Amino acid sequence: MRGRIGTSAQVKAANAQFLALGVGTGPDGLEPAPGTAEAAVRYGIDFAATAERADFKGAPGQALILELPVLHARGASWDGLAATVGLIGVGDGGPEALRQAGAKLARAARGKGKVVAGFAADSPARTEALVEGYLLGAYQPVKHGRSADAARPGSGDLILVGGHDRAAVARAQVKAKATAWARDLINWPSNFKSPAAVAERAAGAAASRPTVSLRVLGPDELAAEGLNAILAVGEAAWRGPAADPGRGPRLVVATHSPAGVKGVPQVVIVGKGITFDSGGLDLKPAAGQVAMKTDMAGAASALAAVWASADLALPVKVTAVAPLAQNSIGAGAYRPGDVIGIGGVEVEVGDTDAEGRLVLAAALAWAGTALGADYLIDIATLTGAARIALGARTGAVLTPDDTLAARIEEVGLAHGERWWRLPLVGDYREALTTPNADLNSVGKAGWGAGAITAGLFLERFARHPRWAHLDVAGAARAPGGQDWTPPGATGFGVRTLIALVERLA
Ligand code: BES
Ligand code: MN
Ligand code: ZN
């Protein structure tokens, strides 16, 4: 992510190792990229004929890589000529296709120090999508064990030819950087990633941003604020024989307050921050635990959205509320059948593996009273049921507000993040009843609809007409990787949240 991005009027560039040309498909066949005529002369290549011979059709993400032996033999970038030329398909040239092409370019040009790329820039949104795709595709995770700050192979410099809007490039850089920050935190192994360590990383990110203020509540303050549910979920991880205060729960509250603007709307984003989910006493089977360092993806996304809102200087107040706890087993562990007060509601713990909704409920109830939001969003890797319903490339939206649902779907789609609304079926509230308390934390056997009953549970605590719950249990991880992300954390949701805030600005 350390590569610089510049613009230029011509494809000739000193030290470029890779020349990319974004080729589209129009009504009359292939549509050449800006700079193609210049490149054809300089390189002596008939690109149209070359494309045809190779059956290159310009489909989004299709790539035709030409290694030029004579130039390779002459050494790096002789006379401004790159030794590798790539035709990258951009299809209809729309944002979605350009995002895919950008990601493809990042992969094709990996390891090249400097890339010159001719792509048509018909609108700022298209430039933004292209650069965003490029930077997301260029992301590489740090090797485990090193801190998320450790050096890593970054992408090379990118020079865009084709009259690209510089502000759009800058916006894409901010969004990709926020996504990478979230990915780094999500990919960080749980032995390092205690609640205290996450809070520290958040404090580090906040410190470099003048409009952001940050507060961290420790166990004593959680008790004082009545946030017992967060304490209960995190209890086993830090008390007892292997006492480790850093493993104790935290609540991080980070706010971007735009300078000098009054009367701005406020968005509060609550993100699930389970730094490892073993399931607790209702222990997950081994295979179910493998990916559970990812269970704080919601918290990472909420925080990243605040950093980006600050970096974009958006005239909206944005607050991330991140309840952080490790769900462990131990003598002090909370138990199935325990009853915990959350925001005035007595909740019976139906299953200790349904820990996310407890910490979210507490944080939502707390944020509702303490912060006064215009929009209240929560984002969480909440249910295996959401992942089964929608798979790894689509997030679930649950909200009583039709307008908000449509807006989330719309801004998500514009950023390559697909959402699908699930209904908050009122009848299913009956599944959450118990003779032992006001509410059971899980739906009774036989009711199914696990993602929906989780949403209905949260609704009881959000108590806000403009509340939406985002379940990213599937989308937060890409098991095999995709063009725009390597295997592991995707940062899915970060750009939707930023775009939602942008829409309110
Ligand atoms: N963190 C899990 C949900 C999850 C599962 C995320 C798989 C990503 C991949 C959550 O805390 C959980 O365990 N949910 C339970 C709820 C159940 C006990 C009602 C689930 O979905 O099985
Ligand atoms: Mn769980
Ligand atoms: Zn969980």
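Both ligands and their constituent atoms are indexed starting at 1 by order of listing. Quick caveat: nothing in here was measured; it's all calculated off a predicted structure. Position 1 is the first residue of the sequence, and the numbers go up from there.
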Student: Among Met292, Lys272, Arg387, which one puts a heavy atom closest to atom 4 (C) of ligand 1?
Tutor: Met292

Student: Would Gly384 count as being in polar contact with ligand 1, using the rule that some N or O on each side must be under 3.5 angstrom apart?
Tutor: yes

Student: To the nearest 0.1 Å, how far is atom 1 (N) of ligand 1 from its closest protein heavy atom, and which atom is that?
Tutor: Asp295 OD1, 2.9 Å

Student: Which residues and atoms, counting only protein N, O or S, are under 2.8 Å from the Zn ion (ligand 3)?
Tutor: Lys272 NZ, Asp277 OD2, Asp295 OD2, Glu355 OE2

Student: Under 4.0 Å from ligand 1, counting heavy atoms only, is it the side chain of Leu382, its backbone, both or neither?
Tutor: backbone

Student: Ring-plane angle category for Trp188 and Phe192, please: parallel below 30°, perpendicular beyond 60°, tilted otherwise.
Tutor: parallel

Student: Taking 2.8 Å as the limit, list every protein N, O or S atom around the Mn ion (ligand 2), by chain and residue number.
Tutor: Asp277 OD2, Asp353 O, Asp353 OD1, Glu355 OE1

Student: Below 4.0 angstrom, N of the basic side chain to O of the carboxylate: do Arg418 and Glu409 qualify?
Tutor: no

Student: Near Asp351, which atoms of ligand 1 are under 4.0 Å from a heavy atom of that residue?
Tutor: 18 (C)

Student: With atoms numbered from 1 as shown, which atoms in ligand 1 lie under 4.0 angstrom from a non-hydrogen atom of Arg357?
Tutor: 16 (C), 19 (C)

Student: On a heavy-atom basis, I'd like to know which of Asp353, Val233, Thr381 is closest to atom 15 (C) of ligand 1.
Tutor: Asp353

Student: Heavy-atom distances under 4.0 Å decide this one: backbone, side chain, both or neither, for Arg477 against ligand 1?
Tutor: neither

Student: Tell me the contacting part of Gln289 for ligand 1: side chain, backbone, both, or neither, using a 4.0 Å heavy-atom threshold, strictly below.
Tutor: neither

Student: Within the 4.5 Å heavy-atom criterion, are Glu348 and Leu439 side-chain neighbours or not?
Tutor: no

Student: Is atom CG of Leu283 surrounded by more than 12 heavy atoms (other residues, nucleotides or ligands) closer than 6.0 Å?
Tutor: yes

Student: With a 4.0 Å cut-off on N to O distance, would you call Glu502 and Lys175 a salt bridge?
Tutor: yes

Student: When you check the gap from the basic side-chain N to the acidic O, do Arg421 and Asp402 get nearer than 4.0 Å?
Tutor: yes

Student: Identify whether the distance between the nearest side-chain nitrogen and carboxylate oxygen of Arg407 and Glu410 falls below 4.0 Å.
Tutor: no

Student: Return a yes/no value for Thr383: is any of its N or O atoms, backbone included, closer than 3.5 angstrom to an N or O of ligand 1?
Tutor: no

Student: Please report whether atom 22 (O) of ligand 1 has a protein non-hydrogen atom at a separation of less than 4.0 Å.
Tutor: no

Student: Between Glu430 and Lys444, does any side-chain N to carboxylate O distance fall below 4.0 Å?
Tutor: no

